[in-house]
Number of protein chains: 2
Amino acid sequence: MKHLPHKTIERLSQYRRALLICLEKGQTHIYSHEIATIQHITAVQVRRDLMLIGYTGTLRKGYNVKELIELIGEIIDSSEGINVAIIGMGNLGRALINYFTGKRSHLKIVASFDINPDKIGNTMSGVPCFGTDEMSKVIAEKDIKVGIMTVPAEFASQTTDLLVKAGIRGILNYTPKPVNVPKNVYLEEYDMITSLEKVAFYVKLQEME
Amino acid sequence: MKHLPHKTIERLSQYRRALLICLEKGQTHIYSHEIATIQHITAVQVRRDLMLIGYTGTLRKGYNVKELIELIGEIIDSSEGINVAIIGMGNLGRALINYFTGKRSHLKIVASFDINPDKIGNTMSGVPCFGTDEMSKVIAEKDIKVGIMTVPAEFASQTTDLLVKAGIRGILNYTPKPVNVPKNVYLEEYDMITSLEKVAFYVKLQEME
DNA sequence: TTCACAATGTGAAATTAATAACAAAAAAGC
DNA sequence: GCTTTTTTGTTATTAATTTCACATTGTGAA
Ligand SMILES: NC(=O)c1ccc[n+]([C@@H]2O[C@H](COP(=O)([O-])OP(=O)(O)OC[C@H]3O[C@@H](n4cnc5c(N)ncnc54)[C@H](O)[C@@H]3O)[C@@H](O)[C@H]2O)c1
Ligand SMILES: NC(=O)c1ccc[n+]([C@@H]2O[C@H](COP(=O)([O-])OP(=O)(O)OC[C@H]3O[C@@H](n4cnc5c(N)ncnc54)[C@H](O)[C@@H]3O)[C@@H](O)[C@H]2O)c1
């Protein structure tokens, strides 16, 4: 297994989530077409992804749910787990903290940062909030690798620079402002307005037909 | 102009956002490579996208910011604007309402829905909250075309069915549960855990090198 | 046992997306 | 006025991703 396509990585994460639900229900095996139906994709696509990670199912029985979950874990999780911080404890930051905390064992939110003195020093869902001036120190001490950025858009660039200087390795940018990082830092940007506008576009398109 | 690639649609939305900022600053023209730098893509990509929508710039002066904003609007917005509802006024729903309200004129959040009696009847950033039993009525009356789904994952499917029955035309699903819609409804799903796991994966990959 | 079926696994083809290459032309410099 | 530079617009090429087509094979039924 050499280079997994970006899209495959995303789907593996999704397969795992679906598989975990199956496991909870007590399901031991699953067919490619069952996974496909859940994810709105084709069975071939599922089989190809699994082929790429070198997993082989049982003919006529499908894939072993537990084994597959473990294999996906070996591939996409890092063995020691990864510590994550949220920068900007506003509406979105709080929503994210509530959501993530206590869910995934491999990705752990261990700190948050803000500039508002009312927030600094508090904890939220057990996650302590620090001032941005402490960023370098806290990121080093707590071995934080990934930052989720939810500061106001106008602070996106400077916050990115701070994070990079503090030695962050990956940034998930939820502000609508695209930011620049050196190429040793992995950047993923997501913009809710784009998604909403895309939905609106295709709705319009359908109505015109 | 016939079929615009999905990716082009997404980028057009992003170009427009960047262009609006330029317009505010008083910038009248912009080069393809400037847009490209903002969006971390290549200038060729930008020019190709603009070619696809049939916009042509001025040689050596670049593109007219205002014109381009208007053209993108003609393509991705629908002329009368589109009304949007949020379903599930929890942490994420509230964050989204705060964020969207008053931003885009073409996409307007005009209602929210919940099952919690404490929330029903209130307004939040000027958006009224209704019970889910009123969904069909409100969606019809207010001509709501798109729903943003932020209910707990276990209610995702049933909420989708309600929305579809109420005549919604597009759904943006922020729950981690994939849902099914008839093919006359456009569905976009986004899952923050997938994004975060993807970042974590590439961080791990980089560390191994 | 044999047959038909229902699944996997995968090379090849098709589709979609991104990049390269370059002609054309306006502006600037000389 | 001529040359160089810079930028657009577009065709050709390459790369990435998905789908097709089908060989393979374990399983259950006849
Ligand atoms: N709310 C949403 O649903 C939503 C959706 C999409 C994108 N976004 C984007 O996410 C970001 C946050 O949105 P929000 O609604 O949570 O905003 P918010 O105003 O509620 O929160 C921003 C937080 O960041 C803090 N902050 C400000 N400057 C900072 C700095 N320099 N360093 C650290 N912290 C700082 C503020 O004190 C505040 O707590 C914005 O960029 C917004 O565009 C929000
Ligand atoms: N919070 C996040 O940052 C985040 C991030 C990604 C995804 N999500 C997903 O978004 C969804 C909402 O997350 P949240 O943190 O806002 O949860 P939440 O529990 O804070 O909010 C859920 C809201 O939905 C309402 N609700 C429950 N059942 C309903 C129903 N049948 N119809 C209408 N409303 C109903 C609840 O009353 C509540 O107000 C979840 O599926 C979650 O997995 C959340």
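Note on naming: letters A, B, ... go to the chains in the order of the sequence lines (proteins, then strands), and numbering restarts at 1 for each one.
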Residues in contact with DNA chain D, drawn from residues 55-63 of chain B - heavy-atom cutoff 4.0 Å
Thr56(B), Gly57(B), Thr58(B), Leu59(B), Arg60(B), Gly62(B), Tyr63(B)

Would you call Tyr31(A) and Thr37(A) a side-chain contact if the rule is heavy atoms closer than 4.5 Å?
no

Has the side chain of [X] got a donor or acceptor atom that lies under 3.5 Å from a matching backbone atom of [Y]?
X         : Y         : result
Lys66(A)  : Leu23(A)  : no
Gln45(A)  : Ala36(A)  : no
Lys177(A) : Pro152(A) : no
His106(A) : Ser78(A)  : yes
Ser112(A) : Ile86(A)  : no
Glu197(B) : Ile76(A)  : no
Asn83(B)  : Lys142(B) : yes

Check every nucleotide of DNA chain C for an atom under 4.0 Å from a heavy-atom of chain B, then give the first and the last such nucleotide from 5' to 3'.
dA17(C) to dA27(C)

Atom OG1 in Thr159(B), atom CZ in Phe113(B): separation rounded to 0.5 Å?
11.0 Å

Look up atom CE in Met51(A) and atom OG1 in Thr8(A), then write down how far apart they are to the nearest 0.5 Å.
10.0 Å

Spacing of Tyr31(B) atom OH relative to dG9(D) atom P, expressed in whole Å
13 Å

Atom-pair distance (NE2 on His33(B); P on dG9(D)), nearest Å:
14 Å

Once you measure the plane-to-plane angle for Tyr190(B) and Tyr190(A), does it fall in the parallel (<30°), tilted (30-60°) or perpendicular (>60°) bin?
parallel

What string of B, S and - do you get for nucleotides 13-23 of chain D 5' to 3' if you count protein non-hydrogen atoms under 4.0 Å?
----SBBB---

Could you pull out all residues at least two apart from Ser32(B) that satisfy side chain to side chain donor-acceptor pair (under 3.5 Å)?
Arg47(B)

All side chain to side chain donor-acceptor pair (under 3.5 Å) counterparts of Glu67(B), not counting sequence neighbours
Tyr55(B)

For DNA chain D, what string of dots and brackets results from 5' to 3' when Watson-Crick and G-U pairs need both distances under 3.5 Å, crossing pairs get [ ], and pairs with another strand get |?
||||||||||||||||||||||||||||||

